[in-house]
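Report on the structure given below.
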Amino acid sequence: MVTEEVEPGVLRVVNDGVRDLTPTHSDAEPQAVRVSPDGGVWLFGGFLDDAVFRLGEPGVYPWPEGADYWGPDVAADVADVEVGPDGTVWVLGDQPNGLAAFDGEAWTEWLPPDSPQSDGHRSMEVLSDGTVWATWGWWISRDITRFDGERWTVVEPPCGPLWGMHASDTDSWWVSGLDDGCSSALYRYDGSRWQEQATPEGFTGTWWYGNRVGPDGTVWVSLRQPPEDWSGDEPLERRTGIARFDGTHWEEWDADDFPQEGVENPLTGHFNFEVVAPDGSLWATVDECDGLAHFDGDSLTRYLPGYCIFSPDTAPDGSLWLVAAEGSSIQDPTGLVSPYVIRP
């Protein structure tokens, strides 16, 4: 594999040993990355390029074709991608599409669930037993569904609207509730019923902007208090922060805990959780296109400021794989999209 260092600890992948990955135009490069349990890195064409391939291995696979619900250009309809524990590649379709799985040779496709909100999407997760969970509904999640390989089951949510849905194990699901419809920051589903978790102290009236679950079951929640008045022309201050829940107790941090010399504090903007590393540390994107932040529970480290980040994932060795491009809009970056690996 051929790489070049763009900043300390950050390497751009130029060649994976099979193919040249030097970008030539922005709409032909991978725009999502997923790491399989064996450490293999899959690159996806995302919204623009009809291709799926595994880094360092020959073969470029097209998106599934032939089913009319995918439409003429399935890549334009992809909402989320995951790699299951057995290496199966899963693709969740944007409205009104369903689910597809690639076993290394062929795609199998299923229609979406019979759900009131199945004309939208939010996210997907594949558990250790191969079960697929997906949320549906535009912008924020409204329906939660489970796919067992043959049929969908709709799980009644605890409240609504919701933001974020992630699993700690096969039988434990966590969702974040937005304050205008839910009374708690966090809810746990144990396979049969929902349990409301206590709200972090001092963050009542807060929007819970998603969550991520670590390998030890610790849940990270992104917190943001919206200003009371949205009607004025002047920007209003709002409290933002991070909370960590170990199943019993909350630990909280806000922007004042992370003074950043020379750069804008990432917690004063949109701090969007992405993945939790094997060591329990947190990776988040900053605003729409201001790079990444890595938080280990003590310090916050910035990477690639000024870059748009496309759907990263962590590897078993703790490295972070991603695709990124310089720019100010994730829909139209000014730079060319390339794969990167960060080894903190």
Side-chain angles (χ1 to χ4, degrees), residues 32-42 44 52 54 61 64 78-93 97-115 118 121-136 141 143-158 162 164-176 186-195 197 210-220 245-247 273-280 311-317 321:
V33 60
R34 291 293 183 268
V35 182
S36 61
D38 64 1
V41 179
W42 286 86
F44 295 82
V52 179
R54 183 164 157 141
Y61 310 103
V78 171
D80 199 3
V81 292
E82 292 293 343
V83 179
D86 61 353
T88 298
V89 175
W90 293 88
V91 175
L92 180 68
N97 306 323
L99 187 69
F102 181 67
D103 62 6
E105 297 182 358
W107 289 95
T108 303
E109 305 170 53
W110 298 270
L111 288 166
D114 183 13
S115 162
S118 62
H121 76 277
R122 187 63 197 162
S123 63
M124 168 180 60
E125 190 144 348
V126 183
L127 302 190
S128 58
D129 64 355
T131 300
V132 177
W133 287 76
T135 56
W136 305 82
S141 303
D143 280 351
I144 301 172
T145 57
R146 176 183 182 272
F147 183 70
D148 62 7
E150 295 183 358
R151 61 182 61 86
W152 293 94
T153 302
V154 178
V155 177
E156 186 73 20
L162 303 173
M165 177 198 73
H166 295 279
S168 59
D169 52 57
T170 300
D171 297 319
S172 184
W173 274 92
W174 300 87
V175 299
S176 303
L186 198 63
Y187 294 83
R188 177 181 179 268
Y189 181 69
D190 63 7
S192 60
R193 63 189 182 93
W194 291 99
Q195 297 174 328
Q197 310 300 317
N211 65 75
R212 289 295 186 271
V213 183
D216 63 351
T218 296
V219 185
W220 293 86
F245 182 63
D246 64 6
F273 290 5
E274 296 292 343
V275 288
V276 180
D279 64 358
S311 197
D313 199 10
T314 55
D317 65 359
W321 288 85

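Keep in mind that this is a model prediction, so the values were computed, not measured. Both backbone and side-chain heavy atoms feed into the values below; hydrogens, waters and symmetry mates do not.
- Listed here is the closest heavy atom pair of I144 and P157: CD1-CB, 4.2 Å.
- Between the R34 side chain and the S311 main chain, a donor and an acceptor come within less than 3.5 Å of each other.
- In this structure, Q195 CD and Q197 CD are separated by 6.5 Å, a value rounded to the nearest 0.5 Å.
- Checked against the 6.0 Å centroid criterion, the rings of W90 and W42 do not qualify as a close aromatic pair.
- A side-chain donor-acceptor contact under 3.5 Å links W194 to the backbone of E156.
- By the 4.5 Å heavy-atom criterion applied to side chains, L99 and M124 are counted as neighbours.
- Between W133 and Y189, the ring-plane angle classifies as perpendicular under the 30° and 60° cut-offs.
- Note: T88 OG1 to F102 CZ = 10.0 Å, rounded to the nearest 0.5 Å.
- Of the inter-residue distances, the one linking W110 atom CH2 with F147 atom CZ reads 5.0 Å to the nearest 0.5 angstrom.
- Taking each heavy atom of R54 and S36 in turn, the nearest pair found is NH1-OG, 3.5 Å.
- Between R212 atom CZ and W174 atom CH2 the span is 15.0 Å, to the nearest 0.5 Å.
- Closest heavy-atom contact between A32 and V81: CB-CG2, 4.2 Å.
- Looking at D148 and T153, their side chains never come closer than 4.5 Å, going by heavy atoms from C-beta outward.
- Across all their heavy atoms, P215 and V276 have their closest contact at CD-CG1, 4.0 Å.
- Side chains of L186 and F245 form a contact here, defined as non-hydrogen atoms less than 4.5 Å apart.
- Closest of all the heavy-atom pairs between F44 and V83 is CZ-CG2, 4.5 Å.
- The structure places CD of E274 at 11.0 Å from OG1 of T314, a figure rounded to the nearest 0.5 Å.
- Minimum heavy-atom separation, V41 to W321: CG2-CE2, 3.7 Å.
- Looking at D313, its side chain does come within 3.5 Å of a backbone N or O of V35 through a donor-acceptor pair.
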